[in-house]
Amino acid sequence: MKILKIDHLGIAVNSIEDGKSLWTDALGLHFEGTETVEEQKVTTAFFPVGESEVELLESTAPDGPVAKFLENKGPGVHHVAFRVENIEEALAELKEKGIRLIDEKPRKGAGGAKIAFLHPKATNGVLVELCER
Ligand code: ZN
């Protein structure tokens, strides 16, 4: 398995509209627009930072995973995403090594990426996303 870089940092917010001025006006990042991923009940907004990006996550439904995260922990860092060369290969390797996975198979993420999450209980409490673009 080959990790190429930190692809993005996912940050849960109550509202992208309210949250984005920090990233644009205060920090001077470029706002690339929003995209809704219905399967994950989330709207995302990407802000490129060098080779990586900040991804703001706003829930589209009260029973979505981001809504549950906000309810339990409040706004904040939600996940770290590593870009891998081959996501199927990476998942197979991690499974073989006994790492607990949330997704055994990749699903569709924002920007047409293939993504999969590792279980936070297997990763020191940090939700880790693998993504391939
Ligand atoms: Zn992500």
Side-chain angles (χ1 to χ4, degrees):
M1 160 169 123
K2 189 170 180 194
I3 291 179
L4 302 172
K5 63 174 186 172
I6 291 181
D7 188 84
H8 63 270
L9 202 58
I11 297 173
V13 294
N14 289 314
S15 156
I16 287 172
E17 199 45 49
D18 296 347
K20 81 176 192 215
S21 77
L22 168 74
W23 303 94
T24 54
D25 300 340
L27 297 174
L29 300 177
H30 176 68
F31 170 55
E32 294 221 306
T34 61
E35 181 184 342
T36 296
V37 182
E38 288 299 347
E39 296 139 75
Q40 292 181 55
K41 298 178 180 174
V42 73
T43 295
T44 65
F46 280 95
F47 303 83
V49 184
E51 289 284 289
S52 301
E53 297 186 273
V54 166
E55 174 189 38
L56 297 188
L57 304 155
E58 177 188 321
S59 187
T60 59
D63 63 338
V66 171
K68 285 181 193 152
F69 179 91
L70 287 167
E71 206 178 289
N72 292 333
K73 298 185 174 171
V77 173
H78 178 264
H79 65 270
V80 179
F82 294 114
R83 187 182 297 193
V84 293
E85 226 167 43
N86 182 321
I87 197 166
E88 284 87 0
E89 206 176 277
L91 289 171
E93 187 180 325
L94 289 168
K95 197 178 172 188
E96 203 179 292
K97 287 175 175 169
I99 305 297
R100 196 166 155 196
L101 306 172
I102 291 178
D103 302 302
E104 301 230 336
K105 285 184 184 149
R107 46 184 158 135
K108 190 183 151 286
K114 288 197 274 185
I115 66 165
F117 288 97
L118 314 189
H119 200 285
K121 288 210 166 118
T123 54
N124 309 115
V126 177
L127 182 61
V128 172
E129 173 188 333
L130 301 180
C131 76
E132 181 190 329
R133 295 174 197 271

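When reading the values below, keep in mind they use all heavy atoms of this one structure, side chains included, and skip hydrogens, waters and symmetry mates. First listed ligand is number 1; within each ligand, the first listed atom is number 1.
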Review point. Can you tell me the N, O or S atom of Glu129 that's nearest the Zn ion (ligand 1)?
Key: OE1
Check your understanding: Once the angle between the rings of His78 and Phe69 is folded into 0 to 90°, is it parallel (under 30°), tilted (30 to 60°) or perpendicular (over 60°)?
Key -> perpendicular
Point to revise | Atom of Glu55 nearest the Zn ion (ligand 1) (restricted to N/O/S, atom name only) | key: OE1
**Study point:** His8 near the Zn ion (ligand 1): N/O/S under 2.8 Å
**Key:** yes
Check your understanding: So does His78 have any N/O/S atom less than 2.8 Å away from the Zn ion (ligand 1)?
Key -> no
Review point. If Ile, Leu, Val, Met, Phe, Trp and Tyr residues are connected whenever their side-chain heavy atoms lie under 4.5 Å apart, and connections chain through other members, are Val13 and Phe46 in the same group?
Key: no
Check your understanding: Given Leu127, which of Val77, Val80, Ile102 fulfils the side-chain contact (heavy atoms from CB on, under 4.5 Å) condition?
Key -> Ile102
Check your understanding: Any chance CG of Asp63 has more than 12 other-residue heavy atoms, nucleotides or ligands included, within less than 6.0 Å?
Key -> yes
Review point. Which N, O or S atom name in His79 marks its closest approach to the Zn ion (ligand 1)?
Key: NE2
Check your understanding: In Å and rounded to the nearest 0.5 Å, what is the CD to CD distance from Glu17 to Glu58?
Key -> 8.5 Å
